[in-house]
Undergrad: 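Structure in structure tokens, see below.
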Amino acid sequence: MAPQTDHEEREIKLSDITLIKGIWPFIRPYFWMLCISVLLVFLVTFLELLIPILTQKAIDGFILPQSGAGTDLWGIEIESFKLFAVIFFTVVLVSLITDFAQTVFMEYTGQKIILYLRCSLFRHMSLLPVAYFDEFSSGRLVSRVAGDVENMNEMFSSILVFVFRDLVLMIGILAVMFSMNATMALHISAVVPFILIGILFFSKISRKVFRTLRQKIGEINHVFSETMAGIKIIQTTAGVDLFLRKFGKINTDHLMAGLFQIRIFAVFMPFIGFLSTLGTGIIIWTGGAEIVQEEITIGVLVAFLSYIKMFFRPVRDLSEKFNLLQNALASGERIVSVLNRKPFQDRLSESDHRIGKIERIEFDHICFSYKPEEEVLTNISFSVRRGQSIGIAGHTGSGKSSLINLITGFYRPDSGTITINGEEYENLSIKNIRDRTALVMQDPVLFSTSVRDNIRPPDSTMDDTELEQILEKANCGFLFERHQGIDTMVREGGRPFSSGEKQLLCIARAFAFNPDLIIFDEATSYMDTVSEQKVHQAMQRLMAGRISIIIAHRLNTVRDCDSILLLKKGTIKESGSHKTLMEKKGEYYHLLFQMQ
């Protein structure tokens with residue numbers, strides 16, 4: 001059996017460089033759009049910086065003029081207050097329009113990046129080796145594609161550009177204040193180091209907290225998914241209270257992490273508020289003294305007060321955005337950790353070498369383990385040719401399904417070689433081999449769409465008449481007797497079909513793919529006698545002229561195979577035809593009579 005997952009998820013930590021490298025490929029196609037947003041940010045910032053200057057000009061030139069009414073505006077003498085008012089409101093209006101355009105354009109860019117990221121992540125996950133899905137539950141993977149990507153959406157659509165905008169605005173404000181009055185600006189600059197230290201300190205703590213929060217969300221999704229999947233068993237075994245306690249504990253851990261994050265924010269925001277009040281006090285103290293000494297005008301003091309208010313607005317925004325940024329970066333770490341996993345074709349073979357029909361499969365002294373020093377298959381050797389069938393039998397845990405995992409390329413052996421048509425597996429295209437293989441599993445898998453779309457291969461030109469003929473070969477007459485034929489809609493869990501009917505539909509799907517290799521993995525388990533007979537008939541039709549591998553717990557299922565392998569603790573205990581093994585009167589013989 002493959003290794004099991006644990007409901008407690010590991011904390012994921014990545015360096016910022018690794019994180020940027022992982023996310024950059026999704027930003028690169030839309031980088032030009034980000035550049036346009038940045039240009040709009042500079043324009044918006046420039047217009048915002050103009051407004052306090054215009055306010056100062058209005059006060060000193062028209063409201064409290066020291067001489068005649070009028071002011072110099074970028075080398076142009078303006079004596080009419082009405083004209084000045086028109087200029088002022090024009091700047092305000094252009095600023096609003098530019099800000100709107102920048103926000104809409106950035107949101108559009110963010111949505112495009114997220115669309116690309118989510119689709120790429122889904123595609124990447126679909127190509128990951130099966131071992132990855134043994135390690136992580138579906139609930140955790142859902143949290144990656146849904147919750148974590150949505151957090152990244154916040155970063156791309158608003159945080160990055162707005163953080164940049166706030167930083168540019170703060171630098172611009174300091175530059176303008178130094179140009180207006182260096183003494184007052186120097187006094188204000190004394191609080192800047194405390195701001196930077198506070199942001200860096202609190203952001204470092206926040207990143208750790210948000211890692212924990214995202215980790216706990218993954219665990220919550222895992223437990224919820226596990227509970228919903230097994231709700232019938234939980235209710236019939238009175239296990240609801242147990243799962244409630246389990247779910248409650250994880251939610252409590254999430255709550256505690258959330259409360260810690262709130263406490264951090266509750267300390268940081270008053271700290272920034274204190275610095276803002278301190279900065280205002282410094283301006284009033286130094287500016288008031290300079291007004292008394294007639295070194296500056298009231299308009300300059302008002303402009304400084306406006307600028308200090310503007311200066312701490314982005315500081316507050318940065319504190320909030322840093323909060324969201326840390327959450328997004330924690331999610332980014334989890335997404336990049338998935339993207340860094342190599343897909344199966346890279347782990348198995350990069351070869352494009354294709355074969356014709358699968359004529360022969362050979363296992364030569366294969367050893368395999370899921371975990372080091374825990375070997376599940378030891379020294380396995382056998383071969384099977386086109387038109388032959390081989391049965392693999394044994395108790396649970398004997399290694400039957402592990403053989404299938406190796407044949408289909410879900411895992412690779414630790415030692416020994418697997419050859420197809422005399423060529424080593426790893427030198428062949430894994431996609432080419434899988435295109436020629438059909439797998440009918442113990443638990444039939446049907447998707448929530450029509451029977452037609454469940455059976456017909458993708459991009460196939462197969463018409464409805466051909467599909468109906470295939471369904472007839474697979475003993476699926478029930479579709480036309482009790483349902484709407486190939487237009488019957490399949491709901492979640494394969495409803496409205498019984499276990500036997502679902503298995504027959506899976507066999508019909510295998511027929512439609514016309515494989516060279518057909519693998520039945522406990523295909524007749526948990527069926528009544530009538531359903532089992534129908535499935536056996538459909539299996540025999542499907543096996544004709546193909547390589548067939550039948551995994552079975554019950555020996556009656558494999559007795560008609562050309563060759564039978566009896567596995568015990570990962571080794572081949574006996575092999576041969578049913579007649580040969582019965583004549584030996586060995587373990588196969590005794591197991592068969594025990595079952596009877």
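Just so it is clear, the model here is predicted, and its values are computed rather than measured.
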Undergrad: So does His365 get a backbone contact from the side chain of Asn379, meaning a donor-acceptor N/O pair under 3.5 Å?
TA: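 Answer holds: no.
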Undergrad: Using the ring pair (Phe, Tyr, Trp, His ring centres under 6.0 Å) criterion, which residues pair with Phe513? Sequence neighbours excluded.
TA: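 Phe513 satisfies ring pair (Phe, Tyr, Trp, His ring centres under 6.0 Å) with no residue once adjacent residues are dropped.
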Undergrad: Among residues at least two apart in sequence or on other chains, which ones pass side chain to side chain donor-acceptor pair (under 3.5 Å) with Arg541?
TA: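 Partners of Arg541 under the side chain to side chain donor-acceptor pair (under 3.5 Å) test: Asn475.
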Undergrad: Output all residues satisfying side chain to side chain contact (heavy atoms under 4.5 Å, CB included) with Asp435, sequence neighbours left out; order by chain, then residue number.
TA: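 Here the qualifying residues are Lys431.
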Undergrad: For Phe122, give me all partners under ring pair (Phe, Tyr, Trp, His ring centres under 6.0 Å), at least two apart in sequence or on another chain.
TA: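 With neighbours one apart ignored, the set is empty.
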Undergrad: Per the salt bridge (Lys or Arg N to Asp or Glu O under 4.0 Å) rule, what does the pair list look like for residues 499-517, sequence neighbours excluded?
TA: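 For residues 499-517, and leaving out neighbouring residues, the salt bridge (Lys or Arg N to Asp or Glu O under 4.0 Å) pairs sorted by first residue read Lys357-Asp516, Arg386-Asp516, Arg436-Asp516, Arg482-Glu501.
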Undergrad: Counting only N and O atoms by type, is there a donor-acceptor contact under 3.5 Å from the side chain of Thr580 to the main-chain atoms of Gly576?
TA: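 No, because the side chain of Thr580 does not come within donor-acceptor range (under 3.5 Å) of the backbone of Gly576.
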Undergrad: Can you list everything that forms a salt bridge (charged side-chain N to carboxylate O under 4.0 Å, His left out) with Lys568? Sequence neighbours excluded, please.
TA: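 In terms of salt bridge (charged side-chain N to carboxylate O under 4.0 Å, His left out), with neighbours along the sequence ignored, Lys568 is linked to Glu587.
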Undergrad: State which residues pass salt bridge (charged side-chain N to carboxylate O under 4.0 Å, His left out) with Asp464; sequence neighbours excluded, sorted by chain then number.
TA: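 So Asp464 forms a salt bridge (charged side-chain N to carboxylate O under 4.0 Å, His left out) with Arg452.
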Undergrad: Could you check whether Asp414 and Ser369, counting side-chain N and O atoms only, form a donor-acceptor pair closer than 3.5 Å?
TA: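 Present: a donor and an acceptor within the cut-off.
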Undergrad: Applying salt bridge (charged side-chain N to carboxylate O under 4.0 Å, His left out), name anything that partners Glu375, two or more places apart in sequence or on another chain.
TA: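 Applying salt bridge (charged side-chain N to carboxylate O under 4.0 Å, His left out) to Glu375 gives none.
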Undergrad: Which residues pass the side chain to side chain contact (heavy atoms under 4.5 Å, CB included) test with Glu424, sequence neighbours left out?
TA: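 Per chain and number, Glu424 pairs via side chain to side chain contact (heavy atoms under 4.5 Å, CB included) with Thr417, Thr419, Asn427.
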Undergrad: I'd like to check the salt bridge (charged side-chain N to carboxylate O under 4.0 Å, His left out) partners of Arg385; sequence neighbours left out, ordered by chain and number.
TA: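 For Arg385 there are no salt bridge (charged side-chain N to carboxylate O under 4.0 Å, His left out) partners, ignoring immediate neighbours.
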Undergrad: Taking atom types as modelled and ignoring hydrogens, do the side chains of Arg546 and Asn514 form a donor-acceptor contact shorter than 3.5 angstrom?
TA: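 Their side chains do contain a donor-acceptor pair, which is all the 3.5 Å distance test asks for.
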Undergrad: Between the side chain of Gln503 and the main-chain N/O of Met441, is any donor-acceptor distance below 3.5 Å?
TA: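 Yes: the side chain of Gln503 pairs with the backbone of Met441.
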Undergrad: Angle between ring planes, Phe497 versus Phe478, binned at 30° and 60°: parallel, tilted or perpendicular?
TA: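 Phe497 vs Phe478 ring planes: perpendicular.
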Undergrad: Looking at residues at least two apart in the chain, or sitting in another chain, which of them share a ring pair (Phe, Tyr, Trp, His ring centres under 6.0 Å) with Trp32?
TA: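 For Trp32 there are no ring pair (Phe, Tyr, Trp, His ring centres under 6.0 Å) partners, ignoring immediate neighbours.
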Undergrad: Mind checking what makes side chain to side chain donor-acceptor pair (under 3.5 Å) contact with Ser383, not counting sequence neighbours?
TA: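 So Ser383 forms no side chain to side chain donor-acceptor pair (under 3.5 Å) with any residue.
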Undergrad: Do side-chain atoms of Arg434 reach the backbone of Thr408 as a donor and acceptor pair under 3.5 angstrom?
TA: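 Judged by distance alone, yes, a pair lies under 3.5 Å.
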